[in-house]
Amino acid sequence: MLQLNAIRENKEAIIEALKKRNLDAASLIETVLNLDESRKAIQTNLDNTLAQSNKLSKEIGILYKTGKAQEANVLKEETAKLKDNSKQLTEDLNTTATELQNALYQIPNVPHTSVPAGNSEEDNEEIFSEGNIPKLIDGALPHWELAKKYDIIDFELGVKIAGAGFPVYKGKGARLQRALINYFLDKNTAAGYTETQVPHVVNEASGYGTGQLPDKEGQMYHMPVDDLYLIPTAEIPVTNMFRDDIVNEKDFPVTVTAYTPCFRREAGSYGAHVRGLNRLHQFDKVEIVRVEHPSKSYEALDSMVEHVKGILRELKLPYRILRLCGGDLGFTSALTFDFEVFSTAQDRWLEISSVSNFETYQANRLKLRFKDENGKNQLAHTLNGSSLALPRVLAGILENYQTEDGIMIPEVLIPYCGFDKID
RNA sequence: GGAGAAUUGGCAGAGUGGUCGAAUGCGGCAGUCUUGAAAACUGUUGAGGGUCACACCUCCGGGGGUUCGAAUCCCUCAUUCUCCGCCA
């Protein structure tokens, strides 16, 4: 959520910047500012009314104590009107505050100056690529065929148990999956991230805190009986650990990593591009999250990007990094780098990581602050990134490492797997 | 799931209808003393709204109610603890 102060002070700049998202926010911003004005006016009015009524109450108390009940009763009558007033004003205030909140929820984060304008993923800017695209054997297969051939992932079995998009990993497939999780966690903790295990369900307040609600309501599995949501990413529980916190400036940077399964409804997306592991309702992901001092957050973003690069380098997978354009940028993000691995057998790029700086957008909703050197509370910056998402990394490994003798295991993973080949 | 008790500032813990945003202790910060540190002493120390700055307003688990007035009384929800039940 954008800060009202920022909107008030930089109205034109914000409207201009939001155009990169193909959003004309002028009228929305106008609404917000107007609502804020009325909110303030009502608040002032209410405050004055309450002040009067507080004063009278005190006087009444004193009168009673000194035995002047009659005079007290006169004052009591006066308070009745004030009470009606304040009741009405409180209602008005609540209505206006809710409207203001709802309007603010509709405004996405302001893109960073480096974000290119653009409508869709085609306008994303490739900023880096590395790794050789392997020359595959004749008759190379896409991963869903390989999964069947070596009996390591069973999509049909998952359909029987739960539905489409809930695969069953078997044997070496399951082991490779677990190896990847451990490998990623080890890499992240070695880089200083604190390993945590968090709930896989979150309440509504957490969903609002990181911005999935109300924006992506339909994308999450919701359990109405207990009013809980299955997490679509560890970002939600991990970042919400710091909701309503005032962190000590000395504790920056706060760095956390967590493995969780992720659940996404992905309503209405079927077809060739979602075959196999390309898009699932349940998948595994290891996430990294940081809470940073505002002056350090872009440095931190760079270091997260470097960190993910290092992992892909070790896995020897060909990948590229994209700077997302305004049209493709997530609602809450100011700047996002996507990592894509090249799936040789499918001849296409698959997104495997998304690393973002949210600046104060989430912190504002989370009320996540720190005390600066002047003793004033300021909003912190939050960042997160996948390090990494499992299924497409798995797809990349299966497809790029296939040989006539089977699927070779990347060297760094062999100690984690306990085997060097799937055949 | 059943019965009982509780929920107060970073922590511990007073406060049961009126100068209570809240005693006290610990912790934090600043200072005195010291070559430096510790100890001791002194001062300071919640959050949000509002204001140029004050004033002022809100917040004692959440929500609602009673009252001129609520941390204190009532209702409700949540959470925690104890006992019982169930259980990986």
Side-chain angles (χ1 to χ4, degrees), chain A residues 1-9 32-101 103-104 197-209 213 222-229 237 240-252 254 261 291 360 362-380:
Chain A
M1 201 160 60
L2 297 181
Q3 294 171 83
L4 273 166
N5 268 339
I7 298 178
R8 233 178 266 135
E9 283 161 27
V32 163
L33 290 176
N34 288 336
L35 283 169
D36 186 44
E37 281 307 310
S38 15
R39 195 213 92 235
K40 258 199 242 179
I42 298 168
Q43 178 80 256
T44 306
N45 209 335
L46 175 63
D47 283 359
N48 291 336
T49 310
L50 290 173
Q52 276 185 60
S53 140
N54 286 345
K55 206 172 137 222
L56 283 178
S57 291
K58 264 178 198 162
E59 284 172 23
I60 290 170
I62 293 166
L63 288 172
Y64 270 124
K65 271 195 179 157
T66 51
K68 296 173 182 163
Q70 260 184 345
E71 287 175 46
N73 285 332
V74 176
L75 288 187
K76 264 198 203 178
E77 278 166 38
E78 269 186 62
T79 60
K81 201 163 78 193
L82 290 174
K83 214 176 161 184
D84 283 348
N85 266 346
S86 64
K87 201 168 177 185
Q88 182 61 49
L89 287 168
T90 306
E91 270 174 41
D92 293 351
L93 183 65
N94 288 342
T95 314
T96 310
T98 307
E99 281 173 26
L100 175 59
Q101 190 74 272
L104 277 172
Q197 294 197 357
V198 290
H200 298 169
V201 297
V202 290
N203 56 28
E204 195 179 41
S206 294
Y208 275 95
L213 292 174
H222 181 225
M223 295 167 282
V225 176
D226 297 297
D227 200 15
L228 292 169
Y229 295 86
N240 272 280
M241 297 199 296
F242 307 102
R243 174 151 47 90
D244 288 324
D245 259 13
I246 301 176
V247 305
N248 203 321
E249 200 176 346
K250 283 180 282 197
D251 294 335
F252 283 138
V254 176
V291 181
T360 59
Q362 291 183 327
N364 192 211
R365 289 196 185 183
L366 293 160
K367 300 207 185 347
L368 165 49
R369 294 149 296 169
F370 69 97
K371 215 174 264 301
D372 66 18
E373 59 276 9
N374 302 318
K376 279 198 73 175
N377 290 331
Q378 266 193 60
L379 292 175

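Just so it is clear: chains get the letters A, B, ... in the order the sequence lines come, proteins before strands, and each one is counted from 1.
Place A:Gly61 and A:Gln52 on RNA chain B by their nearest nucleotides, and A:Gly61 ends up nearer the 5' end. When each of A:Thr44 and A:Thr79 is assigned the nucleotide of RNA chain B with its nearest heavy atom, A:Thr44 is the one assigned upstream, toward the 5' end.
Residue A:Ile60 is classed as a base contact, given a heavy-atom separation below 4.0 Å to a base.
Remark: A:Lys55 is not in phosphate contact with B:C68, judged by side-chain N or O atoms under 4.0 Å from OP1 or OP2. Using a 4.0 Å cut-off, some side-chain N or O of A:Asn377 falls inside it from OP1 or OP2 of B:G48. Neither OP1 nor OP2 of B:G49 sits under 4.0 Å from any side-chain N or O of A:Arg39. Phosphate contact (OP1/OP2 of B:A47, side-chain N/O of A:Lys371, threshold under 4.0 Å): present. For the OP1/OP2 pair of B:A47 and a distance below 4.0 Å, the side-chain nitrogens and oxygens of A:Arg369 include no atom meeting the criterion. Taking only side-chain nitrogens and oxygens, A:Asn54 comes nearer than 4.0 Å to OP1 or OP2 of B:U58.
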Show your working on side chain to side chain contact (heavy atoms under 4.5 Å, CB included) between A:Asp92 and A:Asn45 and close with a plain yes or no.
CA-CA 11 Å; A:Asp92 293 351; A:Asn45 209 335; over 6 Å; no
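Distance from the side chain of A:Tyr64 is smallest for B:G18 among the nucleotides B:G18, B:C57, B:U67. Listed nucleotides B:G18, B:C57, B:G49 differ in distance to A:Ala51; the shortest reach to its side chain belongs to B:C57.
The separation between A:Asp244 atom CG and B:G48 atom P is 11 Å, rounded to whole Å.
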